[in-house]
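Step one of this worksheet: look at the structure below.
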Amino acid sequence: MSAPLEAAVFDLDGLLVDSEPVQIAAWEEFLAGHGHTLDPELLGRLFGLRVRDTSRVLVDELRLPLSPDEVFAGREAIFFRLLEAGVRPMPAAVETVRALGARGLRLGLATSGHRRYADLVLGGLGLIGAFAVEVTGDEVARGKPAPDIYLLAAARLGVPPAACLALEDAPFGVAAAVDAGMRCLAVPNVHTTGMPGLERADAILPSLAAVVPWLEARGLLPPG
């Protein structure tokens with residue numbers, strides 16, 4: 001990484017919000033109702049996928065006697081019920097978003113979640129209006145690991161992908177960002193730490209609190 005950054009594009013689930021325990025619980029409750037469990041190997045292949053894409057995978061893998069649309073709808077009902085308890089930000093999430101914005105970077109969001117979910121979570125985090133651009137998974141033909149969502153975010157930001165930094169927690173997101181031509185920092189969580197594919201990022205950091213110091217040490221931020 002050498003050229004100055006002009007924009008930072010954030011993932012949402014598992015990076016800014018501690019939503020993955022709720023996501024997993026919703027899938028486990030849904031599958032239990034159909035006589036299945038979610039084994040760790042299969043779960044590991046689902047991180048970063050859109051819910052609709054996950055629904056298709058589960059129909060195929062578990063041979064569910066349901067359509068992907070039926071799986072999606074059933075899981076969504078459970079998920080939004082569980083979300084009524086609220087959401088928790090990941091450590092230093094809000095502070096990192098605001099710090100990069102204060103340093104003059106244009107901010108974007110590129111989430112596999114759909115618009116209804118993104119609005120709910122951003123409201124819970126106090127980040128409504130924090131991003132100049134928000135791209136949700138229902139706006140692209142192909143979800144992560146395809147690069148579509150990051151290419152669309154860069155286009156809407158009016159910034160070349162090479163001048164954008166993506167922040168991701170999971171391998172599919174890292175792949176999407178890197179294949180879009182963006183620089184990328186991986187900040188894995190307890191569920192994604194050590195997963196193959198994270199090493200494609202420019203660096204793997206222990207927490208969001210390390211992002212600004214890491215960028216400052218390499219002269220990649222405008223003067224604060």
Side-chain angles (χ1 to χ4, degrees), residues 10-91 93 109-125 134-150 168-177 186-198:
F10 289 81
D11 178 43
L12 184 59
D13 288 308
L15 181 84
L16 294 180
V17 63
D18 187 21
S19 58
E20 274 155 353
V22 183
Q23 303 267 11
I24 294 168
W27 280 119
E28 287 178 337
E29 182 175 333
F30 175 81
L31 291 175
H34 294 275
H36 290 277
T37 58
L38 186 58
D39 69 73
E41 188 278 330
L42 178 55
L43 174 62
R45 292 191 275 127
L46 303 178
F47 284 109
L49 292 181
R50 298 178 297 184
V51 177
R52 288 195 180 277
D53 294 333
T54 299
S55 299
R56 285 191 283 270
V57 170
L58 291 178
V59 167
D60 292 341
E61 291 279 341
L62 302 179
R63 302 184 184 277
L64 297 174
L66 302 165
S67 71
D69 285 345
E70 289 172 324
V71 173
F72 175 83
R75 181 269 185 191
E76 288 290 274
I78 296 169
F79 181 61
F80 279 96
R81 170 172 55 78
L82 296 178
L83 276 182
E84 291 175 3
V87 294
R88 296 187 306 169
M90 296 295 282
L109 184 78
T111 174
S112 294
H114 52 65
R115 172 53 57 185
R116 176 189 172 199
Y117 168 68
D119 287 346
L120 176 64
V121 170
L122 291 176
L125 296 179
E134 298 173 6
V135 184
T136 56
D138 46 352
E139 295 185 83
V140 292
R142 301 181 301 167
K144 300 173 185 178
D148 303 33
I149 197 164
Y150 278 110
E168 275 285 353
D169 71 292
F172 280 165
V174 170
V187 186
N189 55 56
V190 65
H191 300 289
T192 58
T193 294
M195 281 188 170
L198 292 174

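One-based numbering along the sequence shown. Worth knowing before you read on, the calculation uses all heavy atoms, side chains too, and leaves out hydrogens, waters and symmetry mates.
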Between D13 and D11, what is the shortest heavy-atom contact and its length?
-> O-OD2, 3.0 Å

With sequence neighbours excluded, residues passing ring pair (Phe, Tyr, Trp, His ring centres under 6.0 Å) with F172 | none

What do the steps show when you test M90 against V187 for side-chain contact (heavy atoms from CB on, under 4.5 Å), and what is the final call?
-> CA-CA 11 Å; M90 296 295 282; V187 186; over 6 Å; no

List in chain and number order the residues that pass ring pair (Phe, Tyr, Trp, His ring centres under 6.0 Å) with F79, two or more places apart in sequence or in another chain; answer none if no residue qualifies.
-> Y117

Tell me, do K144 and I149 make a side-chain contact under 4.5 Å, heavy atoms counted?
-> yes

Kindly state each residue pair satisfying salt bridge (charged side-chain N to carboxylate O under 4.0 Å, His left out) with at least one member in residues 53-64, sequence neighbours excluded.
-> R45-E61, R50-D53, D53-R56

Test item: R75 and L58 side chains (from C-beta on) under 4.5 Å apart, heavy atoms | no

Applying side chain to side chain contact (heavy atoms under 4.5 Å, CB included), name anything that partners P21, two or more places apart in sequence or on another chain.
-> D18, H191

Please examine the side chains of F47 and E20, heavy atoms only from C-beta on, and report whether any two atoms are closer than 4.5 Å.
-> yes

Mind checking what makes side chain to side chain contact (heavy atoms under 4.5 Å, CB included) contact with L66, not counting sequence neighbours?
-> F30, H34, E70, V71

For A170 against L198, the heavy-atom pair lying closest together | C-CD2, 3.8 Å

Check A110 against Y150 and note the closest heavy-atom contact, atom names and distance.
-> CB-CE2, 3.7 Å

With sequence neighbours left out, write down each residue that passes side chain to side chain contact (heavy atoms under 4.5 Å, CB included) with D148, or none if nothing qualifies.
-> V140, R142, A146

Mind running side-chain contact (heavy atoms from CB on, under 4.5 Å) on W27 and L46 for me, showing each step along the way?
-> CA-CA 11 Å; W27 280 119; L46 303 178; 5.6 Å; no

Can you list the residues that meet the side chain to side chain donor-acceptor pair (under 3.5 Å) rule with T136, with sequence neighbours excluded?
-> D138, E139

Counting only heavy atoms not in R116, do more than 12 fall under 6.0 Å of its CZ?
-> no

By side chain to side chain contact (heavy atoms under 4.5 Å, CB included), which residues pair with T193, not counting sequence neighbours?
-> P188

Which of these passes side-chain contact (heavy atoms from CB on, under 4.5 Å) with D169: L12, L15, V174?
-> L15

How close do P68 and S55 get, heavy atom to heavy atom, and via which atoms?
-> O-CB, 3.6 Å

Can you list every salt bridge (charged side-chain N to carboxylate O under 4.0 Å, His left out) pair that touches residues 27-39, not counting sequence neighbours?
-> E29-R81

What's the spacing between I24 CD1 and L82 CG if we round to 0.5 Å?
-> 12.0 Å

Any side-chain heavy-atom pair from L16 and V121 closer than 4.5 angstrom?
-> no

Evaluate the side-chain proximity of L120 to V87: yes if any heavy-atom separation is below 4.5 Å, no if none is.
-> no

